[in-house]
There are 2 protein chains.
Amino acid sequence: MNWDDLRIFLAVVRSGSVRAAANALGVNHSTVSRRIDAFEKKLEVRLFERLPTGYLTTAEGEDMLQGAQRIEAEYAALDRRVVGRDARLTGLVRVTMPGALATLLLIPDLARFTEAYPDIEIELDASYKVADLSRREADVAIRLTNDPPDRLVGRRLLKFAKAIYASHTYLARRARVGEPPSFSWISWDDPSSGPQWAQNSPYPKAPIRHRVGDPAALLAAVKADMGIAMLPCFMGDAEPSLRRLAAADPVHGRDLWLLTHEDLRRTARIRKFLDFMADAILRHRDLLEGRRPQPETMPARPAAGSAAPK
Amino acid sequence: MNWDDLRIFLAVVRSGSVRAAANALGVNHSTVSRRIDAFEKKLEVRLFERLPTGYLTTAEGEDMLQGAQRIEAEYAALDRRVVGRDARLTGLVRVTMPGALATLLLIPDLARFTEAYPDIEIELDASYKVADLSRREADVAIRLTNDPPDRLVGRRLLKFAKAIYASHTYLARRARVGEPPSFSWISWDDPSSGPQWAQNSPYPKAPIRHRVGDPAALLAAVKADMGIAMLPCFMGDAEPSLRRLAAADPVHGRDLWLLTHEDLRRTARIRKFLDFMADAILRHRDLLEGRRPQPETMPARPAAGSAAPK
DNA sequence: TCATAGCGGTGCATTTTTGCACCGATTTTT
DNA sequence: AAAAATCGGTGCAAAAATGCACCGCTATGA
């Protein structure tokens, strides 16, 4: 058996089509089609049904899946073992972090790192997908969580702050002195927020009028006077045209972690990257923890009472 | 990582050279050389030192070995799982058995099996190497043992008999009536026999004059009047020119087993083969258990006492 | 000492694998 | 209903892998 066939097999099982698998594998879709055909011929087993919408794994294919996954896990462990012993400051570091954090804050720090270590390459995944570090989908994760996975090691750097923001223009129009504010929410489709977060907010009566799935777009919407929104403080406080509402302290829902896999923590280039980025992020600590608000130019009073959502 | 690289790596570690590995893998030695070079370049690790006498695994290569072996074991299990579900009476069955048993007894039975099942192919390994059935070096083992491995399933068919034989001509020359016999031993270089077996035999004073490493050659040497030897009864009793000495019962050292791997026992073609060969071997039971001695034409008296070796 | 047998490595030809471009079918979106 | 986007599959050219034949080196055996 050519052992590489299983790698193709797994990609197709997971992706559901030869084209998606080809994308994941970085090869042409015709290659995947032919590799699966050859693999089935060799085993004399039908692994997939060919449908117009893609490949459907057969019962025999399902039957191979657990064994294939164990093999994949072993390859990943071997790979980490090899990479883990690399003492050189050269090579690739794969990094995953929230896109907004990258784009609006940390890209200059990444740039400084690559200048300091010209033989290290960064591959940045800012897609919000949760990378599997055991399979080296990423080597380092900068992640917002209160529950880091057991297999990962790293540092809890700081408490990540959010607050409610609006534009000056919006406030001038919607929050006149002596009148209750007539705000509406722009919400972020964030699965980690429950459906009641607006009701638990300082503006429970404000309706959710817009929904935006991308944090950068959310920021743009607030700046465009479309409503109020809960934004990370590093985003909101960096914009002169925006103002915090609810003069109370911002909320600290989750922590910001800097994580890698146990097997990679001694990899020289990864250690350097971790140390460098810990340092860089801690220099942004006040901004990230919400201690750099814009000076108030037009105060707004929130409704009495309720704590803001996480 | 191209997962097939590990298969090449393992073969080289085990074989000690690219040429031996190429033989084991069934490819050209230049392919192995290039594959290892490419693998090392990809990992940026030196796995082997190149010596004039072959490849020597480096510390980094040794470090990968256990992981690689686990991966190999998983592939083997997957392979068995796939083969184990094969309900057709077609395909290859790999069989291992002692060469002498094949050549001098069971080849006609194998021939009858392949006539009965024309779509099943037999690959016979009669090399005396102990095949690893978990890696499908063989699917079926006909094996002399008193300690079958736990992972294998099968039947203990019969007690395998050996006895001391000489040619008629030899006996006429060396065992005259009224005189102590002046025999010498031809021994088989069998690591499973201790060094004292001759002293524990009925002819402890007979010196070991010859050593022969191949059972077929041992038989030929006895027929050529070179001495006496312990032979399997199915060999000795089938030769009219030979006679048993020590008229006592032959010795039954080990049992004859018919074995396969647990995962393959439901493979249709393997079940058929096992049933067929069990039947065939049991039809040879009397011969294999030593109950078909040639009629004595010139009896010889052994020294009093000692049991024969296993 | 010399012949033989083993070894690793490589140029070139052959074979195999892969990518490209395209096809037709089906599903989804406008 | 039509356009667009997805899908699986395939002919042909390009790229990669492999085999063949050979080289030079070292170790072993006669």
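Quick note: numbers below take in every heavy atom, side chains included, and nothing from hydrogens, waters or symmetry partners. All chains are named by letter (A, B, ...) in the order of the sequence lines, taking the proteins before the strands, and each is independently numbered beginning at 1.
A:Arg34 has its CZ atom 14 Å from the P atom of D:dA13, to the nearest Å. Distance, A:Asp4 CG to C:dT18 P: 8 Å, rounded to whole Å. The distance between atom CG of A:Asn2 and atom P of D:dT18, rounded to the nearest whole Å, is 9 Å. Rounded to an integer number of Å, the gap from B:His29 NE2 to C:dG11 C1' is 13 Å. One atom, CG of A:Asn23, and another, C1' of D:dC7, lie 13 Å apart when rounded to the nearest Å. The interatomic distance linking B:Tyr55 (OH) with C:dG6 (P) rounds to 18 Å, in whole Å. Between A:Asp5 atom CG and C:dT17 atom C1' there is a gap of 12 Å when expressed in whole angstrom units. In this structure, the CZ atom of B:Phe48 is 12 Å from the P atom of C:dG9, given to the nearest Å.
Across the interface with DNA chain D, nearest-nucleotide mapping of A:Ser30 and A:Pro52 shows A:Pro52 to be the residue nearer the 5′ end.
For the pair B:Arg46 and B:Thr58, the tightest heavy-atom approach, listed with the atom from each and the gap, is O-OG1, 2.7 Å.
Taking 4.0 Å as the cut-off between side-chain N and carboxylate O, A:Arg81 and A:Asp263 do not count as a salt-bridged pair.
Looking at heavy-atom distances under 4.0 Å, B:Arg50 makes contact with sugar-phosphate atoms alone, never a base.
For a distance-only test at 3.5 Å, the side chain of B:Arg19 fails to qualify as a donor-acceptor partner of the base of C:dG6.
Phosphate contact (OP1/OP2 of D:dG19, side-chain N/O of B:Thr31, threshold under 4.0 Å): present. The phosphate of D:dG8 has neither OP1 nor OP2 within less than 4.0 Å of any side-chain N or O from A:Ser33.
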